[in-house]
Every structure is written in C-alpha cells, then in structure tokens.
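These notes are about the structure you will find just below.
Chain naming here is simple, since letters A, B, ... match the order of the sequence lines and numbering starts at 1 in each.
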Amino acid sequence: MSEVRLRFAPSPTGYLHVGGARTALFNWLQARKEKGRFILRIEDTDVARSTQESVDAILEGMKWLGLDWDEGPYYQSDNFHIYREFVEKLLSEGKAYRCYCTAEELDAKREKALKEKRKPKYDGTCRNLTGVLHDKPHVVRFKTPHGGSTVFDDIIKGRIAFSNDELDDLIIQRSDGTPTYNFVVVVDDATMRITTVIRGDDHVNNTPRQILLYEALGYPVPRFAHVPMILGSDKTRLSKRHGATSVIAYRDMGYLPEAVVNYLVRLGWSYGDQEIFSTEELIEKFSLDAVGRSAGVFNPDKLIWLNSHYIKTGDPERLATLLGPYLEQKGIDVSSGPNLVSVVKTLQDRSKTMIEMADGALFYYKTDFEYDDKALAKFLNGNLVQLYGEIRDSLKEADNLDHGTIEALFAKICASHGIKMKDVALPARIALTGGTAAPGLFDVMEVLGCRESIQRLERAIEYVQELERERQ
RNA sequence: GGUCCCAUCGUCUAGCGGUUAGGACACCGGCCUUUCACGUCGGUAACAGGGGUUCAAGUCCCCUUGGGAUCACCA
C-alpha cells in the first residue's frame, strides 16, 4: 500500500492569490484527511520571472492560513541536472528527438497555419531527421504517438478524452538546455511519487500530454482533480480589478485566517447545508467528490459575514493579541488604556473585521477625542451640565463599577427626574465615547473604570459649558 | 477557429427520477433596544432554450444558446 502524497506547486511570480490558496487548501485537506503527506514545491523553471520575494510571499500566505507542509519547499531550479538525464533517456530510447527549427521559422509556420485556419501544430519537420550535427542549436521535442486517444478519469470532472492527433510534439527542453514546464511537472510528480494531483482546471488541456510523458518515462500515472477557477463579480477571471486577490491583503484588511479558509473551501465545495466548519471538521468532512465542476464567483459579502461570525465567536484573549498590532498601526499605545481583552469583549458583536474593531476601540484609548456636535445638539437644553454632574457624582459614590450597579445607578437617575433611559444614556454616551456608535454604555463604563469615566464626564461638562457660552 | 470544460435564486450552493425546488450571503419588512451594531421573525428571488427516454425529469441522453479554459523555446 503506497503512501498518499499530494503537493501544491506554485510558480513564484507573485503573491499567493485566493485561487492558488484554495488549490493549496484542497490539497492540504485531502492530505490531512487521508493521513498522507503534503509537499510544497516551487516551480521556478522560468528563471527570468521567478523571484525570491514571491517565494517568501507565498510561504507567508500559506503559514497565515495554517497550511503546513510535510516536505519542501523543493525548488525545481535545484534539479536541472535530473531533468537533463530524463531528456537523455527519452532521446536514447527514441521517444524524443532534437528539433533544429528556429523560433522564427516556427512563428512563421504558426501564423501561416492560423491564417489558413489550420491547427497551429508543429509540422514534424525534424521528427524523423537522421545524421544531423548535435552542436547546432536545437530544442528537444517529445515524440507524441500518432493515432489513438488519451483518456483519464478526473475526480472532479469525470472522464475526459483527447485524441492524440490533437496533441503537439511538445518541446521538453529549450535551446538553452533548460527543461519546460510540462516535462518538469511530470518528472517531479513522478519522482516525488505524487498520488493525486489537485490543480486549477486551466491544466486539463495539459493533462493528456503529461500522461503520455508518464507512460514514456515508465511511471504510474497519478489521479487528477481539476478544480474550477474563481471569477470576479462580472464573471471574468478574478483580478485586482475586483478587489484584493492576495490572501495576505485580507489579513491586512482585518480578516481572520479561519474565515478565509472557511470561505475558500465553501467556494466550490459543499457539505449539505452546512456553512461553518472548523479546521478539524473540514479534515473530517472534505471530499473531492463533492467539489463542483463549474467556476464560482468570489463573493466578498459572504467572506465578511464569515469573518464577523468568527470574530463574534472567537476567543477574546486571542483576538486581543491579534488586535494589538492593528491598534498600534493607528498610533495607539495599548498599555495606556483599559484591558485589551475587556475591550475586545465589548466589540466582538459589532465588528466585521479586525480593522473595524480597532476603529471601534479607538475611543477607549484616546482621551482627546472630539465630540459629535450634531448628536450632542439634541441634548443642549440647559440641563445637560447638571445631568452630567449628577452621573459623575453618583459614580463617585459607587465603590464597585460593574454593569449591574451602573444600570441601577442610571435607573435611579431616570426615576428621580421621571425621564427615560435614553434621555440619560444617549448624552452620557457622547460624553464618554464622543459619538453615538459604541458598545453598550454600561459595558463601556465598566471597561473604562470609575476614574476614567468621571474624568470624561468632567471634560464633557467643560465642553458643554463652552458651547452654551457661545450660544448666548 | 480547433480541442476541452461548464450551466438551479443576484452570489455560494442542496438536490443524485416522484420535493410546496431546501439552506447561506446580499436585499426588503417586523420585533428587540441606551446609540451603532448583534440577535430574532418573516418576505422577494432560480432549474438557459428545444427535443427525446420514462407512468414520472432540475435530476438520464442529444441538439441549440450562452459562458470559460487552452492551443509558447510561460507556468
């Protein structure tokens, strides 16, 4: 019984985008579910376009999502000599041949074919050449069998068949001696003993020629699962135009990794009517059979809903440590204010992102905030200073400032004046937070503490007095 | 253009021959309420079209239409 082995093989030509992340996630889940190995391989055969920054960005994205790998990262650029050997093998067995056609000649032929509405396929000029000098510049082509067809059963798409005559004699080694992608993936997946290849469905057309290569090389053909692509709201390929496509950008926008994972996995995969999945649950329930065949539109609204769900139900301690950096970014010194965990608890139900939570937490730490004059205007009836004073005084008498006692305290003030709670709570909120959008007033006061609440009331009194003076 | 893939509410999807076609996001309305939110209750909304097969088709087959992928000395 051979080991189950899966891999994610990005090319380092940019950051980890949501499409790649989902492919990685599916591979990871399948590996974990099957108790197999998950391998990370960097496809950097295109030396010109590959960068170390991209490698770093991809690794960062994987780590943030929690997609740990068991082997790698392997770099294809480290294995050029191996690919060379396999090319030689094919050559000596007559399964590949040297082609001396120049790129210019090929371009011309292709154009001509296109013009005459024929297939732009290599015409096989060099396929049966004999006795040619090897030192002339050349590429190496794979000798695709004529006739017959290549069939495979895709785990997601079902049976797919291609006539071999549709296939080109593809180049497996460039004139500079470097191998090409379709050859390298096969050699790598074969030698790494990959059992299931999960990748984007833009690779289906490559699959038959890859299968032919496996066979020519004498390796078993892995199972294939081609996942549909992710589209933007206008149903075109997802791009920056549609908003952020980098997973790290979502972290920076205040998304939780579990929300992104949950969103991505449900985009294309489903398990009955269930929407929320923990990672453990996903490992248990994920199945390639349940992955849909059609492309899906990336829906930011649903992602944000999931994010707010995970914020709402998240552990306050953990959220507090996550929130810290977002606040620091806004110039807040967290140590100068109330306990961050307590702050988080008041904000969890009303924050869709960590950025939103940070914004909502600002007033706790700022003592020089401005007041919402428009909201305040409704209460400038001449009694506001007195009301603030009353609240302040009752706070001074209170020894223990928890939600319950504050509520009782406010109720008492309401009763003594025969007014409603909102007549007291609304203006008090402005005094304590500066505005109208904030957590429950009593929670705010509990977190702020007695002293700070009193100070804020006093500052508000001065401010209102100033306003009233101006009015006269 | 050739080849290949795809097709249920606006979106993600359930459905695997017999359902009042279900859920979720978004949207609209009610309730809750100390603001903003949360929550809660309810509502609008879909089987692309046409042929078959079958007692019975969203489900199976074919065609049409419409999307998409791919046809490099990129990956």
Closest listed nucleotide, where the reference is the side chain of A:Ala425 and the choices are B:U34, B:C4, B:C25: B:U34
Touch class at under 4.0 angstrom, heavy-atom based, for A:Cys101 against every strand present: base
Watson-Crick/G-U partner (both atom distances under 3.5 Å) of B:U19: none
Proximal nucleotide (of B:C12, B:G39, B:U34) relative to the A:Lys312 side chain: B:G39
A:Lys95 (side chain) donor-acceptor with A:Ala216 (main chain) under 3.5 angstrom: yes
Pairing partner (Watson-Crick or G-U wobble, both distances under 3.5 angstrom) of B:A48: B:U64
Distance test, side-chain N/O of A:Thr180 to OP1/OP2 of B:C73, below 4.0 Å: no
N/O (side chain, A:Lys235) to phosphate O (OP1/OP2, B:U11) under 4.0 Å: yes
More than 12 heavy atoms from other groups under 6.0 Å of NZ on A:Lys312: yes
Cation-pi check, A:Arg459 onto A:Phe369 ring (under 6.0 Å, within 45° of axis): yes
Out of B:G23, B:C73, B:U34, whichever nucleotide has its closest atom nearest the side chain of A:Ile171: B:C73
P atoms of B:U8 and B:G49, separation to the nearest Å: 11 Å
Donor-acceptor pair under 3.5 Å, A:Ser175 side chain vs B:C73 base: yes
5'-most by nearest nucleotide on RNA chain B - A:Ser11 or A:Ala290: A:Ala290
Separation of the C1' atoms in B:C47 and B:G17, to the nearest angstrom: 15 Å
Identity of whatever pairs with B:U3 - Watson-Crick or G-U, under 3.5 angstrom: B:A69
Touch class at under 4.0 angstrom, heavy-atom based, for A:Thr45 against every strand present: sugar-phosphate
Near-parallel close stack of A:His203 and B:A75 base (under 5.5 Å, under 30°): yes
Between B:C6 (P) and A:Leu231 (CG): distance, integer Å: 15 Å
Side-chain donor or acceptor of A:His417 paired with backbone N/O of A:Ile419 under 3.5 Å: no
Pair A:Asp44-A:Ser77, side-chain donor/acceptor within less than 3.5 Å: yes
Quiz item: A:Glu275 side-chain donor-acceptor pair to B:G23 base, under 3.5 Å: yes
B:U64 to B:U70 separation - C1' atoms, rounded to the nearest Å: 24 Å
Donor-acceptor contact below 3.5 Å, side chain A:Gln274 vs main chain A:Tyr271: no
Whole-Å P distance, B:A72 and B:A14: 35 Å
5′-ward residue of the pair A:Phe298/A:Phe442 relative to RNA chain B: A:Phe298
Touch class at under 4.0 angstrom, heavy-atom based, for A:Gly268 against every strand present: sugar-phosphate
Any A:Lys352 side-chain nitrogen or oxygen under 4.0 Å from OP1 or OP2 of B:C38: yes
Residues forming a side chain to side chain contact (heavy atoms under 4.5 Å, CB included) with A:Asn206, sequence neighbours excluded: A:Tyr181, A:Asn182, A:His203, A:Arg209, A:Gln210
Atom-pair distance (CZ on A:Arg141; P on B:A72), nearest Å: 10 Å
Nucleotide opposite B:A24 in a Watson-Crick or G-U pair, distances under 3.5 Å: B:U11
Inter-nucleotide P distance (B:C5, B:C61), Å rounded: 13 Å
Base of B:C6 paired with side chain of A:Arg293 (donor-acceptor, under 3.5 Å): no
Distance, P atom - from B:U11 to B:A26, rounded to whole angstrom: 16 Å
Integer-rounded Å distance: B:C4 P and A:Asp202 CG: 18 Å
Nucleotide forming a Watson-Crick or wobble pair with B:G39, both distances under 3.5 Å: B:C31
Sugar-phosphate, base or nothing in reach of A:Ala161, heavy atoms under 4.0 Å: sugar-phosphate
Rounded C1' spacing from B:U44 to B:U65 in Å: 28 Å
Base paired to B:A56 (Watson-Crick or G-U; both N/O distances under 3.5 angstrom): none
